[in-house]
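Notes for the one structure printed next.
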Amino acid sequence: MVDRNKKRVITLEEYIIQAQNKFPGATGDLSQLLRDIGLAAKIISREVNKAGITNILGEDGSKNIHGESVKKLDLFADEQMISALNRAEITCMVISEENDGIVELDNAGGKYIVYLDPLDGSSNIDVNVSIGSIFSIYMREKPGSNQLSADEALQPGLKQVAAGYVLYGSSTLLTYTTGMGVSVFTLDPSIGEFILSEDDVKIPDKGTIYSVNEGSYHSWDKGLKQYIKYCQVEDKETSRPYKARYIGSMVADVHRTLKTGGIFIYPNSSQYPNGKLRLMYECNPLSLIIEQAGGLAIDGKGRILEIEPEAIHQRTPIFIGSQENVLKVKEFLDKYSSETISA
Ligand code: AHM
Ligand code: MG
């Protein structure tokens with residue numbers, strides 16, 4: 001007999017259309033854009049899952065604009081995302097980690113600008129560890145103009161109309177927000193559909209995991225060194241010592257932080273004076289997700305989402321996660337702010 005009480009399965013496509021129907025005047029363009037990203041994510045996921053048998057692992061031989069080795073999967077993901085966004089002709093330009101300047105799409109009059117990190121966590125590709133794709137969507141400030149420039153894309157993260165990530169992990173997840181909470185979908189490979197697995201996700205107010213590349217400890221500011229010591233000291237009342245977890249793929253580390261609470265940090269250091277991670281296609285989108293889930297994201301001083309960008313590939317330090325953990329690290333950073341990196 002059919003169990004009518006069983007929870008109904010909702011696909012990403014259905015969910016996007018239902019959300020759009022709540023806004024009678026909506027054109028459906030943003031919904032189309034999100035569906036296109038979903039399609040590209042499925043294609044990338046398929047390739048990631050069979051990477052070992054299709055000669056797509058390894059380096060492409062070139063370096064990207066940041067001087068980093070480009071992996072074949074990076075390029076594949078970049079191509080898939082860009083061609084999916086080009087199809088519906090509603091996006092005018094893409095800015096991606098893999099391309100130096102802006103990538104102009106066929107419809108220069110399209111109303112959306114999309115930032116992409118097509119494959120984040122590249123160093124984990126060849127070792128079968130979780131990787132991800134990140135996207136961040138803005139409206140054009142001069143709609144209709146066919147003159148495209150990077151300046152138009154320099155908008156603070158607060159102006160994102162949607163943002164999200166795909167995590168290629170033990171399963172493939174797509175998480176996104178349009179500024180009204182965070183939804184998570186899981187790819188069911190047997191039917192090739194993303195299925196809603198969690199709606200209105202909330203990050204715990206505090207957590208007991210800290211996530212940072214501690215190999216760089218000696219190049220940090222004193223405030224961060226003291227905070228990490230604080231995390232490691234035993235104190236039953238505050239559930240310390242905290243656990244250390246660091247995957248080295250920001251998407252995976254931030255997704256874990258979203259689910260379990262705690263903090264993920266990529267700080268400024270003597271090696272990376274402005275941090276390593278990129279504001280526009282790594283930090284802003286993940287900050288919007290975490291804030292929408294009730295958490296915080298700062299650059300050490302202020303909110304990531306309020307930074308006025310000056311360059312499309314600019315970097316920023318980031319401290320992101322549960323409210324209580326981010327406020328605590330800020331306390332340490334403020335206290336020792338006069339004692340900067342010595343190395
Ligand atoms: P990528 O975009 O080239 O993959 O680099 C970004 C990645 C992040 O996913 C991750 O948080 C960070 O680099 C790890 O860096 P490190 O190896 O310095 O800890
Ligand atoms: Mg990246």
Side-chain angles (χ1 to χ4, degrees), residues 41 44 48 51 57-60 62-78 80-82 94-100 114-136 157 163-169 173 175 209-220 224 228 244-258 262-287 289-290 297 299 304 312-321 341 343:
I44 297 167
V48 167
L57 291 176
E59 293 180 2
D60 155 76
S62 62
K63 301 251 182 219
N64 70 13
I65 47 152
H66 313 287
E68 299 151 347
S69 300
V70 172
K71 310 268 180 174
K72 289 185 218 166
L73 258 181
D74 282 318
L75 292 181
F76 178 82
D78 194 49
Q80 291 304 322
M81 283 283 179
I82 292 176
V94 169
I95 293 131
S96 142
E97 183 179 346
E98 300 306 330
N99 299 283
D100 197 351
V114 180
Y115 279 90
L116 292 175
D117 183 349
L119 212 70
D120 180 63
S122 308
S123 65
N124 281 327
I125 293 176
D126 291 352
V127 291
N128 220 339
V129 172
S130 298
I131 47 182
S133 301
I134 312 174
F135 58 93
S136 161
Y165 58 80
V166 185
L167 172 60
Y168 313 101
L173 299 181
T175 300
I209 294 179
Y210 71 94
S211 183
V212 64
N213 184 345
E214 273 185 273
S216 305
Y217 181 89
H218 290 287
S219 63
W220 297 343
L224 179 58
I228 296 301
R245 293 282 186 276
Y246 189 73
I247 298 166
S249 290
M250 187 190 193
V251 171
D253 281 313
V254 170
H255 182 72
R256 183 200 54 247
T257 307
L258 172 69
I263 190 163
F264 169 78
I265 298 171
Y266 208 108
N268 55 308
S269 63
S270 54
Q271 190 188 1
Y272 295 113
N274 301 315
K276 174 189 171 188
L277 300 176
R278 290 61 164 210
L279 174 66
M280 302 305 287
Y281 41 82
E282 293 176 325
C283 297
N284 270 336
L286 296 181
S287 297
I289 295 273
I290 290 293
D299 66 354
I304 293 277
I312 51 178
H313 295 290
Q314 93 183 50
R315 296 170 194 262
T316 177
I318 186 165
F319 304 80
I320 181 169
I341 300 156

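Just so you know, ligand 1 is whichever comes first in the structure, and atom 1 is the first atom listed for that ligand.
Residue contacts with ligand 1, taken as heavy atom pairs separated by less than 4.0 Å, involve Asp120 via backbone and side-chain atoms alike. Residue Leu277 touches ligand 1 through its side chain alone, judged by heavy-atom distances below 4.0 Å. With a 4.0 Å heavy-atom cut-off, ligand 1 is reached by no atom of Tyr281.
Checked against a 3.5 angstrom limit, the closest N/O atoms of Tyr266 and ligand 1 fall inside it. On a distance-only criterion, Gly121 and ligand 1 share at least one N/O pair closer than 3.5 Å. By the 3.5 Å distance cut-off applied to N or O atoms, Leu119 is not counted among the residues near ligand 1.
Set against the non-hydrogen atoms of Asp117, the atoms of ligand 1 under 4.0 Å away are 2 (O).
Side-chain contact of Tyr272 with Ser219: a donor-acceptor pair under 3.5 Å is absent, judged by distance alone. In this structure, a donor-acceptor pair under 3.5 Å is absent between the side chains of Ser136 and Asn284.
Residues meeting the salt bridge (Lys or Arg N to Asp or Glu O under 4.0 Å) test with Asp78, sequence neighbours left out: none.
Residue Ser123 places no heavy atom under 4.0 Å from ligand 1.
Ranked by closest heavy atom to atom 11 (O) of ligand 1, the top entry among Met250, Arg278, Glu98 is Met250.
Between Tyr246 and Phe264, the ring planes are parallel. Angles under 30° get that label, and only those over 60° would be called perpendicular.
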